[in-house]
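To start, the structure itself, in structure tokens.
The basis for the numbers below is simple: all heavy atoms, side chains too, and nothing from hydrogens, waters or symmetry mates. Bear in mind the structure is a predicted one, so any value in this text is a computation, not a measurement.
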Protein chains: 2
Amino acid sequence: MRLTTKSSYGVRALISLAIMYDRKRPVPIKDISREEEISGVYLEQIFNRLKNQGLVRSIRGPGGGYALVRDPSDISVYEVVMALEGSVNPVRCVSGKGEKKECGRIATCASKEVWREMARRIKETLGDFSLRDLAGRTLELDPGKARKAQLYEKSLS
Amino acid sequence: MRLTTKSSYGVRALISLAIMYDRKRPVPIKDISREEEISGVYLEQIFNRLKNQGLVRSIRGPGGGYALVRDPSDISVYEVVMALEGSVNPVRCVSGKGEKKECGRIATCASKEVWREMARRIKETLGDFSLRDLAGRTLELDPGKARKAQLYEKSLS
DNA sequence: TATAAGCTTGACTTTTTTAGTAAGGTATAT
DNA sequence: ATATACCTTACTAAAAAAGTCAAGCTTATA
Ligand code: FES
Ligand code: FES
């Protein structure tokens with residue numbers, strides 16, 4: 001019953017982007033990597049997917065980095081997880097869309113209804129958290145982060 | 001975002017036990033294995049855990065097999081999944097109890113609250129389905145199963 | 001316009017987990 | 001006795017996850 005680290009890393013990374021969102025400045029991977037202690041090369045993979053799924057855009061060259069495409073209040077954790085995991089179904093059988101391997105007993109299988117409901121509720125739950133929520137909560141829990149963001153700003157001006 | 005097959009197999013297997021529950025007869029692994037097309041040796045592992053977690057009891061020798069310890073209406077899918085997966089936490093950090101590797105940033109991490117809530121809702125959801133529910137639903141979806149159970153009875157008398 | 005910051009792409013490797021096998025045992029109804 | 005069925009430990013193959021490597025491409029800016 002585990003998400004891959006892509007999701008947890010991805011959410012943490014996007015919280016950083018959300019915090020920077022108002023400042024209209026892209027955040028380079030290296031910064032997130034340092035801050036969050038996540039392998040930079042691995043983060044690149046993650047951001048690649050996020051970009052392909054249209055959640056972030058990239059700005060190349062010096063001063064570049066990644067930025068959210070939409071307002072953080074408009075992006076839910078569900079979207080992030082879907083972008084990175086591809087699905088939220090707890091079993092193969094109930095793949096929903098075109099996930100290979102159709103299960104032969106699906107017509108007469110009662111347990112599939114459990115898994116379907118479970119997927120529904122997960123979607124609902126993750127849909128309830130926006131990146132703005134989490135960014136706000138982060139600044140509450142870790143005021144140091146706010147300060148750091150300020151400093152970062154100053155160092156650039 | 002997947003459960004292991006242990007959970008889906010386990011739930012399916014226990015539905016069979018639930019169907020047989022009223023008839024007060026243990027079900028041997030071989031039968032379930034045949035019916036559900038699940039490797040018998042693998043099922044043994046699964047029933048082992050279910051037994052250790054107190055969900056089923058075993059009767060040895062000819063005419064033996066496994067039977068539910070409690071009434072099917074009193075056993076939820078959540079219990080089954082917990083017995084077989086050990087946990088329902090979507091990430092390592094939020095291990096709840098004594099799952100090794102304490103995460104160092106847990107104090108200041110906002111996303112942990114998402115994962116915690118997610119675990120809560122999964123528990124809630126799976127807790128809402130009892131084995132009796134699923135047994136009943138199975139007989140609705142697959143009347144052949146009811147008939148087969150009857151025949152099985154007759155063949156023994 | 002040279003440089004370096006930063007993204008892009010695809011393949012590759014390592015580690016961990018999952019899904020099973022294999023083999024030999026023990027209890028018990030008939 | 002014997003066949004049925006559970007019990008236990010160990011092993012293995014395959015898949016997935018986590019992470020690395022290498023070589024490029026864009027673009028701001030000095
Ligand atoms: S739908 Fe595949 S086993 Fe239930
Ligand atoms: S609690 Fe471990 S990273 Fe959030």
Side-chain angles (χ1 to χ4, degrees), chain A residues 1-10 12-13 17 20 25-34 36-53 55-67 69 81 84-87 90-92 99-101 152 155-156, chain B residues 1-10 12-13 17 20 25-34 36-53 55-67 69 81 84-87 90-93 99-101 155-156:
Chain A
M1 205 46 251
R2 287 263 142 85
L3 293 164
T4 67
T5 55
K6 286 200 178 67
S7 289
S8 46
Y9 291 173
R12 278 161 61 195
L17 263 57
M20 283 301 170
R25 238 183 251 284
V27 183
I29 276 186
K30 225 203 302 183
D31 287 11
I32 300 182
S33 167
R34 189 178 347 92
E36 300 284 332
E37 298 172 289
I38 300 170
S39 150
V41 198
Y42 195 31
L43 265 179
E44 281 184 352
Q45 282 185 40
I46 293 174
F47 271 97
N48 235 304
R49 298 204 194 188
L50 293 172
K51 188 190 165 188
N52 290 331
Q53 301 304 312
L55 289 181
V56 304
R57 71 201 156 85
S58 61
I59 296 92
R60 304 226 262 198
Y66 288 94
V69 164
V81 169
L84 294 174
E85 306 280 334
S87 142
V91 304
R92 277 238 212 300
E99 238 175 296
K100 49 207 162 189
K101 293 250 180 190
Y152 175 65
S155 78
L156 288 177
Chain B
M1 205 44 251
R2 287 264 143 84
L3 293 162
T4 68
T5 55
K6 286 201 178 65
S7 289
S8 45
Y9 291 173
R12 279 162 61 195
L17 263 58
M20 283 300 170
R25 238 184 250 285
V27 183
I29 277 187
K30 223 205 299 183
D31 287 12
I32 300 181
S33 167
R34 191 179 345 93
E36 300 285 331
E37 299 171 290
I38 300 169
S39 150
V41 198
Y42 194 32
L43 265 179
E44 280 185 352
Q45 281 185 39
I46 293 175
F47 272 97
N48 233 306
R49 297 204 196 187
L50 292 173
K51 188 190 166 186
N52 290 332
Q53 302 302 313
L55 290 181
V56 304
R57 72 202 157 84
S58 61
I59 298 92
R60 301 227 264 200
Y66 288 94
V69 164
V81 169
L84 295 173
E85 306 280 333
S87 142
V91 305
R92 278 241 211 304
C93 299
E99 238 174 298
K100 49 207 162 185
K101 293 248 176 189
S155 79
L156 289 177

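Between the base of D:dT8 and the side chain of B:Q45 there is no donor-acceptor pair shorter than 3.5 Å.
The side chain of A:S39 places an N or O atom within less than 4.0 Å of a non-bridging phosphate oxygen (OP1 or OP2) of D:dT20. At the phosphate of D:dG19, OP1 or OP2 sits under 4.0 Å from a side-chain N or O atom of A:Y9. Under 4.0 angstrom from either OP1 or OP2 of C:dT18 there lies no side-chain N or O belonging to B:Y42. Here A:R92 reaches the OP1 or OP2 of D:dA16: one of its side-chain N or O atoms lies under 4.0 Å away. Checking the phosphate oxygens (OP1, OP2) of C:dC7, no side-chain nitrogen or oxygen of A:N48 falls inside 4.0 Å. For A:T4, no side-chain nitrogen or oxygen approaches OP1 or OP2 of D:dA17 to under 4.0 Å. Within the 4.0 Å cut-off from OP1 or OP2 of C:dT8, at least one side-chain nitrogen or oxygen of A:K51 is found.
A:T5 pairs by the side chain to side chain donor-acceptor pair (under 3.5 Å) definition with A:Y42, not counting sequence neighbours.
Note: CZ (B:F47) to C1' (D:dA5) measures 13 Å, nearest angstrom. Spacing between atom CD1 of A:I38 and atom C1' of D:dT20 amounts to 16 Å, rounded to whole angstrom units.
Using a 4.0 Å cut-off on heavy atoms, the residues of residues 56-63 of chain B that approach DNA chain C are B:R60, B:G61, B:P62, listed by number.
The shortest side-chain heavy-atom distance between B:I38 and B:R12 falls under the 4.5 Å cut-off.
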